[in-house]
Amino acid sequence: MDVGAEDFAQRLPRLRRRILRAAFVALDMEFTGLHSTYLQNNEPSLFDSPVERYLKARQSVQRFTLVQLGLAIFSKENSNKYVVHSYNFFLFPSTLGIRDVEFTLSASSIQFLSHYGFDYNKFLKDGIPYMNEVQEKIFRQHLLAGTCTSNADRDVLKKAIDEVTSWIAAAKEEDTMILQDLNGYHMIEVQLVLRQALENVWTEPLEDKKVMVKKVSPEHRQLLENSPYDHCQKKLILLSARGFTNLFQILVKVKKPLVGHNMLMDLMHLHDKFYRPLPESYEEFKRNIHNLFPVIIDTKTVTKSMQKKCLFPRVSSLLEAYAVLCSNLNPKGPPCPVIALASGCSRYAEKESPHEAGYDAFLCGSVLLMSAHLLLCRSTDNAVEAEPSFSQYLTVLAEHVNKVNFIRGGVSSINFSGEDSPCRHPPALVVHVRGWPGVTERQIYQEFKPHCRFDVRRLSKNQFILLSNKYKHVRLVLRDYRHHPHLQVSVYRHWRHSPSVNCLLQISGIVALWSLLAFVLGGARSC
């Protein structure tokens, strides 16, 4: 179900009711870019600590924006059945009464989304506005001061004002005229500007992007302004300008479990776009997210664990994980819950739509339910109930709750409710270079790239560390470079290869030598 700015406000009450009744909510996002190349060395690396990765990702989140947010609301019925309402929300930053928002487009990301049929017209023309707390504070100040207009399309406002001022000179009281083709914020902006400039006009929004302008007496105008039916009341303008942030705050208030897949970037964008600008502190970010969403489940973390526990095949995408789980990995156990798409979302049952946010959110929630059911069946010797409750699924998933997958880095997952767990990488390798003056990290990377993938970091002038996440790659390189004429490869030992340890040993050696020399010379004088 696609939702844009035109129909978001009227859908909001129903969305709220569905979220209140939900067992959990799954989410997915599409962005204008992932990893910013504005700064050097901003790509994710196996060497990254959680703090380093957060700071890299923070720069990317600040430069890119959301184009689509998918929300799948999973509600449990009386039987062993979950009904899913899945939505695609097209989003566009608010431009009304706040500083103009700038964002970057990544060519590869735009091309990727275009390949999967993303509708950029909906994003640009009918994107739902949103703002975080800092932007909302600025907006409120403009609203109180009566200066809440956008920086965009001044020509539209000027044209409307010219039409009304030309008309009103000859118009009589109660005469009306219609302004047409007003998109999005223009419906509000035109009314605010006209009411501020002319004390003898009244405005009302109509359907089909039109605004009715009526000539009235100042006394009649005052009565209309105090009417509860005025569409330009400040609280209604604020509600409209906050847009999707209203739904975000519903999610925060109800505290339903939030499910995603590889969801670190999703959580960072949620924080930055709808809550507050991302803090510099990684620990503060973790605390804020945990306060907003106390129960987070990353299906990537769950399926990675299942590959070891349940002979779950290795998969590279969410769609592959969904397909494997649908193949009935546990034929002898009780059947998985029935997952039924609501009538308005039935096209996802008929056709795959990968990288459409609403579809991927539906896959996330489905993978969670099927994974939890499989784990529940494997975790107990007793017969599993025919209709397990969602709380039973949460219990069997307890070790994965609030653990968000950390892609290629120094930890296996980010723990939003505790300390991060260290990653068990294969041993690092050290490369000692001979006869290759001025060699760079890039050249070392290119040297090993045809064999396998390693991340490279310079250790000293002629030494580099290689880090991989696959043991077979480490064994392969140790074997193939055993007799290389210029590159000597060995397993990295901190006590042997660390420059700081070597420096300490050298200093200790010098101190010991001077102590020995002083002892010998002192002994010679006494003789």
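These values consider heavy atoms only, across backbone and side chains, with no hydrogens, waters or symmetry-generated copies. Not measured: the values here are computed from a predicted model. Numbers here simply count residues along the sequence, with the first being 1.
- Of the possible donor and acceptor atoms, one in the side chain of T32 sits under 3.5 Å from a partner among the backbone N and O of T104.
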request  = Could you please spell out the steps behind the side chain to side chain contact (heavy atoms under 4.5 Å, CB included) verdict for I414 and F416?
outcome  = CA-CA 6 Å; I414 290 176; F416 281 89; 3.7 Å; yes

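- The structure places CZ of F248 at 10.0 Å from CG of N132, a figure rounded to the nearest 0.5 Å.
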inquiry  = Between K403 and D298, does the salt bridge (charged side-chain N to carboxylate O under 4.0 Å, His left out) criterion hold? Intermediate values first, please.
reply    = CA-CA 7 Å; K403 307 281 180 61; D298 188 336; over 6 Å; no

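- Across every non-hydrogen atom of S240 and P129, the tightest pair is O-CG, 3.5 Å.
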Using residues 311-320 as the side-chain source, report each donor-acceptor pair under 3.5 Å to any protein atom, sequence neighbours left out, with the distance given to one decimal.
from : atom 1 : to   : atom 2 : distance (Å)
S316 : OG     : E320 : OE2    : 2.9
S317 : OG     : E320 : N      : 3.2
E320 : OE1    : S316 : N      : 3.2

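- In this view, R58 and Y54, Q62, M268, L278, E280 satisfy the side chain to side chain contact (heavy atoms under 4.5 Å, CB included) rule, not counting sequence neighbours.
- Counting only heavy atoms from C-beta outward, the side chains of V84 and C345 never approach each other to under 4.5 Å.
- Heavy atoms only, all atoms of each residue included: S371 and L325 are closest at OG-CD1, 3.5 Å.
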request  = Could you walk me through whether F24 and L369 pass side chain to side chain contact (heavy atoms under 4.5 Å, CB included), step by step?
outcome  = CA-CA 10 Å; F24 67 94; L369 282 175; 3.9 Å; yes

request  = Evaluate side chain to side chain contact (heavy atoms under 4.5 Å, CB included) for V295 paired with V401, printing each intermediate quantity in order.
outcome  = CA-CA 6 Å; V295 180; V401 171; 4.1 Å; yes

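- Residues F31 and L66 meet the side-chain proximity criterion, which asks for heavy atoms closer than 4.5 Å.
- Minimum interatomic distance between G127 and A5 (heavy atoms only, all atoms of both residues): O-CB, 3.6 Å.
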inquiry  = Quick one, Y87 with R18, criterion side chain to side chain contact (heavy atoms under 4.5 Å, CB included). Give me CA distance, side-chain angles, the key distance, then yes/no.
reply    = CA-CA 12 Å; Y87 299 88; R18 284 177 177 161; 2.5 Å; yes

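- A side chain to side chain contact (heavy atoms under 4.5 Å, CB included) with L251 is found for exactly one of I19, L27, L15, L270, namely I19.
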Quick one: side chains of residues 355-364, donor-acceptor pairs under 3.5 Å with protein atoms, not counting sequence neighbours, listed by atom name and distance.
from : atom 1 : to   : atom 2 : distance (Å)
E356 : OE2    : N88  : ND2    : 3.0
E356 : OE2    : R347 : NH1    : 3.3
E356 : OE2    : R347 : NH2    : 2.7
E356 : OE2    : Y348 : OH     : 2.5
D360 : OD1    : H355 : N      : 3.4
D360 : OD2    : H355 : N      : 3.3

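- In this structure, K81 places its NZ atom where only 12 or fewer heavy-atom neighbours from other residues, nucleotides or ligands lie under 6.0 Å away.
- Residues N415 and S413 have side chains that never bring a donor and an acceptor to within less than 3.5 angstrom of each other.
- Rounding to the nearest 0.5 Å gives a distance of 10.5 Å between OH of Y275 and CD of Q249.
- Side chain of D48 to main chain of P44: no donor-acceptor pair is present (N/O by atom type, distance under 3.5 Å, no hydrogens or angles).
- Residues forming a salt bridge (charged side-chain N to carboxylate O under 4.0 Å, His left out) with E133 (at least two apart in sequence, or on another chain): R276.
- Here the OG-CD1 distance, from S75 to I73, works out to 7.0 Å after rounding to the nearest 0.5 Å.
- With values rounded to the nearest 0.5 angstrom, F274 atom CZ is found 10.5 Å from Q135 atom CD.
- Evaluation of the side chain to side chain contact (heavy atoms under 4.5 Å, CB included) rule for V477 yields L429, F448, C452, F454, Y481, V489 as partners, not counting sequence neighbours.
- Not counting sequence neighbours, the partners of D420 by the salt bridge (charged side-chain N to carboxylate O under 4.0 Å, His left out) test are K286.
- With sequence neighbours excluded, the residues forming a side chain to side chain contact (heavy atoms under 4.5 Å, CB included) with K472 are K470, R475, listed by chain and number.
- Proximity of the aromatic rings of F244 and Y130 is defined here by a centroid distance below 6.0 angstrom, and this criterion is not met.
- Not a single salt bridge (charged side-chain N to carboxylate O under 4.0 Å, His left out) links K304 to another residue, sequence neighbours left out.
- Contact of the I465 side chain with the F47 side chain is registered, since non-hydrogen atoms from C-beta on lie closer than 4.5 Å.
- Looking at heavy atoms from C-beta onward, S45 lies in side-chain contact with K56 at the 4.5 angstrom threshold.
- Looking at heavy atoms from C-beta onward, Y393 lies out of side-chain contact with L368 at the 4.5 angstrom threshold.
- Contact check on E136 versus R140 returns a salt bridge, with a Lys/Arg side-chain nitrogen under 4.0 Å from an Asp/Glu carboxylate oxygen.
- The shortest side-chain heavy-atom distance between R479 and L476 falls under the 4.5 Å cut-off.
- Smallest separation of non-hydrogen atoms from M306 and L375: CG-CD2, 4.0 Å.
- Distance check, rounded to the nearest 0.5 Å: SG of C336 to CE of M370 gives 6.5 Å.
- Considering CD of E284 and CD1 of I289, their distance stands at 11.5 Å, rounded to 0.5 Å.
- Partners of S346 under the side chain to side chain contact (heavy atoms under 4.5 Å, CB included) rule, at least two apart in sequence or in another chain, are E350.
- Taking 4.5 Å as the limit, every side-chain heavy atom of V211 sits out of range of all side-chain heavy atoms of L206.
- For the side chain to side chain donor-acceptor pair (under 3.5 Å) condition, the pairs that include at least one residue of residues 259-271, sequence neighbours left out, are H261-T299, N262-N405, H269-K273, H271-N288.
- In terms of the salt bridge (charged side-chain N to carboxylate O under 4.0 Å, His left out) criterion, residue partners of D7 (sequence neighbours excluded) are, by chain and number, R11.
- The heavy-atom pair separating F390 from P257 by the smallest distance is CE2-CG, 4.1 Å.
- A cation-pi geometry, defined here as NZ or CZ lying under 6.0 Å from the six-membered ring centre and within 45° of its normal, holds between R53 and F406.
- For the pair A241 and F139, the tightest heavy-atom approach, listed with the atom from each and the gap, is CB-CZ, 3.5 Å.
- Checked against the 6.0 Å centroid criterion, the rings of F118 and F90 qualify as a close aromatic pair.
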Show every donor-acceptor pair shorter than 3.5 Å between a side-chain atom in residues 109-116 and any protein atom, with sequence neighbours excluded, or say none if there are none.
from : atom 1 : to   : atom 2 : distance (Å)
S114 : OG     : I110 : O      : 2.9

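- Proximity of V404 to I296: side-chain heavy atoms (C-beta onward) are separated by under 4.5 Å at one or more points.
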